[in-house]
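When a residue number appears, it is its place in the shown sequence, counting from 1.
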Amino acid sequence: MNKKKVIDKFRKLIGDRNVLTKEWNKLPYSKGWRYGAGKTLAVLKPDKLSDIWRILQICVEHDIIVIMQAANTGLTGGSTPFGDDYDRPVLVINTMRINNIHIINRGSQIVGLTGSTLYDLENKLKPYGREPHSIIGSTSIGASIIGGICNNAGGSLVQRGPSYTEMALYAKINKKGKLELINELEIDLGSEPEDILDNLQNQNYKESDIRNTNRLGSDDKYSKIVREIDKDSPARFNSDSRLLYGASGSAGKIAVFAVRLDTYLSPIHNKVFYVGTNDPDVFWKIRRDILSSFKTLPTLGDYLHRDCYDAAKKYSKDTFLVIERLGTTFLPTLFELKRKVDIIAKKLKFLPNNFSDRLMQFLSNFFPNHLPKRMEEFRNLYEHHWIIEMSDDGIDEARKYFNKIFENNNGDYFECDDFESKKASLHRFVSASAIGRYHILNSKDHGEMMSLDIAFPRNEKNWFEKLPKEIDDMLEMKLYYGHLFCHVLHQNYIVKKDVDAEKLKNLLLKTYDKRGAEYPAEHNVGHEYTAKLTLRKFYKDLDPTNAFNPGIGRTSKSKNWK
């Protein structure tokens, strides 16, 4: 392949400034947000769906690997190259310039194009009194709608389950190596690929072109599944064959142009209950009681261990303050700025690695305590913290229950006012970044960091981890947070110096296997986990020549899966 001629084709198609070939410019797209990096032929930033189609045609002609990428906010390296051992050149197509969102069916559904974000969707739906699938977590870091669907992302919302749709528009390469456009949006857009793509992007279709369909635009079974508290399988996990369909769970093995999704009515009233205990069995009982007997499911239920509370208070303080004072709209800009600062710092030998994190941590020390008094009191009293949000009729139901449960059980609760609600939810959200910051600042003193995403069976009583001594002795730090109602725990570790992290990780995974757990639960396999047989078969069916995102789930990177 003549690389220069191919690059020239891309430049002619989308313009010089949108074809990145210098390592300096490619780095924000070739390096994962937290994990993984690799070399690329180029990074392309098209602004038309039909241009993506033409780019894919060039890639098929010249046997180039394609990695589709939106916000690059994944936690397991699934939207960037991983290493330099591919058997073909690798191209990254970043889709963030194509961010159109179409509101259809009077707000009950939307069509999100390939670079559209959850944050923009949330704002677009507010006038309709409706919400997207995800309204916290990924929304705050600028994550894309398509990314959530491709990863079956779950999150904190108890009533809604994993992101899912059976309506999508995508390109795939068939067994004969031919590029195909698959239109499952149930919208009449024409017959030729470029016409279909242009008509969609320009919203050149009428209400009568939108077909009523039995295809799902969301997971319609999860609210029943999460209530089945005696089942010996997890409520949600990435390799669940029930939720692998087309774009849903595809993890970059196809090129997704758009998805059609359901939206949700916004609650009229919300109330956050902050719950604490020193006995994990109390939370086990509360979970079972609420899921089995409450008429109204909680909106969310996020768990935080005291050690994670403390780590987030210190090491995620700057992120907390940025979101609180500048809003979530600034976060993607902040992350982009951090990347650029670190790239520049690497060029200047007198500055340390990860300079931006070190600077932000230093500056955060000058700000006063940012957490409410009652949260701090509960931190001193209780090891386990649970932020439970109820809506409408569920508020009074929860209030009566919590007043009664703590008459005879260890622990207590308080009802958050608006100020405390925002602080509690934000503190839990930023806790995810605490272990990464700690690891950066103390990397000389300890070994590697591991962040595991585990879905435990719905009937698991011993949800809080108690490790065998031989494993516990190899760990420097353990931080736990997660979503207790669906029994998804994010278990974060820093190993001691000279400990083989990969070997230790395998030991940990074996302990989860014995307990009937599944992993990953919601972050997708990326390049960090080994894809199970269900996923591997799904990937091969979608991408028989292994042209899209090869190596995902530690599968083969070779052409035709050799």
Self-check item: Spacing of OG1 belonging to Thr296 relative to CG belonging to Asp392, to within rounding of 0.5 Å
Solution: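 If I round to the nearest 0.5 Å, the distance is 8.0 Å.
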Quiz item: Does a sphere of radius 6.0 Å around CG in Asn2 hold more than 12 heavy atoms from other residues, nucleotides or ligands, not counting ones at 6.0 Å or beyond?
Solution: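 It does: Asn2 CG has more than 12 such atoms within range.
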Quiz item: Does Tyr264 have any ring pair (Phe, Tyr, Trp, His ring centres under 6.0 Å) partners at least two apart in sequence or in another chain, and if so, which?
Solution: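 With neighbours one apart ignored, the set is empty.
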Exercise. Please identify each residue that fulfils ring pair (Phe, Tyr, Trp, His ring centres under 6.0 Å) with Phe485, with sequence neighbours left out.
Key: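 Ring pair (Phe, Tyr, Trp, His ring centres under 6.0 Å) list for Phe485, sorted by chain: Trp386.
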Output all residues satisfying side-chain contact (heavy atoms from CB on, under 4.5 Å) with [X], sequence neighbours left out; order by chain, then residue number.
X      : value
Lys540 : Trp561
Lys3   : Met1, Leu41
Glu61  : Lys9

Side-chain polar contacts of residues 541-555 - donor-acceptor pairs under 3.5 angstrom, sequence neighbours left out - could you list them?
unit_1 : atom_1 : unit_2 : atom_2 : d
Asp541 : OD2    : Lys537 : NZ     : 2.9
Asp543 : OD1    : Asn546 : N      : 3.4
Asp543 : OD1    : Ala547 : N      : 3.1
Asp543 : OD2    : Lys253 : NZ     : 3.1
Asp543 : OD2    : Ala547 : N      : 3.0
Asp543 : OD2    : Phe548 : N      : 2.9
Asn546 : OD1    : Lys253 : NZ     : 2.8
Asn546 : ND2    : Ser556 : O      : 2.8
Asn546 : ND2    : Ser558 : O      : 2.9
Asn549 : ND2    : Gly78  : O      : 2.9
Asn549 : ND2    : Ala251 : O      : 3.0
Arg554 : NE     : His527 : O      : 3.4
Arg554 : NH1    : Glu502 : OE2    : 3.2
Arg554 : NH2    : Glu528 : O      : 3.0
Thr555 : OG1    : Ile552 : O      : 2.7

Quiz prompt | Electrostatic pair Lys271:Glu389 at N-O distance under 4.0 angstrom | solution =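 No, no charged N to carboxylate O under 4.0 Å.
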Self-check item: Salt bridge flag under 4.0 Å for residues Glu228 and Arg458
Solution: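 Between Arg458 and Glu228 there is a salt bridge, with a charged N closer than 4.0 Å to a carboxylate O.
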Quick check against the 3.5 Å criterion: does [X] have a side-chain atom that pairs as donor or acceptor with the backbone of [Y]?
X      : Y      : result
Ser425 : Lys422 : no
Tyr29  : Asn25  : no
Ser316 : Val430 : yes

Quiz item: Is NZ or CZ of Lys124 both nearer than 6.0 Å to the six-membered ring centre of Tyr119 and within 45° of the ring axis?
Solution: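 No, a cation-pi geometry is absent between Lys124 and Tyr119.
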Quiz item: Between Phe320 and Phe429, is the gap from one ring center to the other below 6.0 Å?
Solution: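 Ring centroids of Phe320 and Phe429 are no less than 6.0 Å from each other.
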